[in-house]
Amino acid sequence: MADLLADGREYSTLDIIIGAGVCAVNSCIAELRDNGLAITCRREGNTWFYRMEATHAAA
């Protein structure tokens, strides 16, 4: 999933489910954060969007 987010673009939960082939997006995001990646999220209506901060996108 880090590979998907590495481009610094914003992805919805559904984008991540399809693109990374995971079901528990929030758990995967928490694990990435525990491993030091800075991932922001925001909610728009019923949809959540995630983005890896640019400082980590090149790593």
Side-chain angles (χ1 to χ4, degrees):
M1 189 160 97
D3 291 340
L4 178 69
L5 297 173
D7 63 8
R9 292 181 22 204
E10 189 172 67
Y11 291 91
S12 71
T13 303
L14 183 58
D15 294 334
I16 295 171
I17 290 169
I18 294 169
V22 298
C23 294
V25 172
N26 60 332
S27 295
C28 293
I29 293 292
E31 184 175 341
L32 292 174
R33 288 175 174 155
D34 285 346
N35 284 293
L37 297 176
I39 300 173
T40 60
C41 69
R42 70 176 182 87
R43 183 178 177 183
E44 188 174 305
N46 291 325
T47 305
W48 290 88
F49 295 91
Y50 299 88
R51 176 181 307 194
M52 188 181 303
E53 290 188 18
T55 57
H56 297 282

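Since the model is a prediction, treat every value here as computed from it, not as a measurement. One is the number of the first residue; the rest follow in order along the sequence.
Pairs engaging residues 11-26 under the side-chain hydrogen bond (donor to acceptor under 3.5 Å, both in side chains) rule: D7-Y11, S12-D15 [sequence neighbours left out]. The salt bridge (Lys or Arg N to Asp or Glu O under 4.0 Å) contacts involving residues 19-40 comprise nothing, where partners must be two or more places apart or lie in separate chains. Residue pairs meeting the salt bridge (Lys or Arg N to Asp or Glu O under 4.0 Å) criterion with at least one partner in residues 37-50, sequence neighbours excluded, are E10-R42, R42-E44.
I39 CD1 to R51 CZ: the interatomic distance, rounded to the nearest 0.5 Å, is 12.5 Å. Atom-to-atom distance recorded for C28:SG and L4:CG is 11.0 Å, nearest 0.5 angstrom.
Both I17 and W48 belong to a single network of hydrophobic side chains, linked directly or stepwise wherever heavy atoms of I, L, V, M, F, W or Y lie under 4.5 Å apart.
Listed by chain and number, the hydrophobic cluster partners of L14 are I18, where partners are ILVMFWY side chains within reach of under 4.5 Å, directly or through others.
Closest heavy-atom contact between M1 and I16: SD-CG2, 3.1 Å.
Residues meeting the side-chain contact (heavy atoms from CB on, under 4.5 Å) test with A2, sequence neighbours left out: L32, L37, M52.
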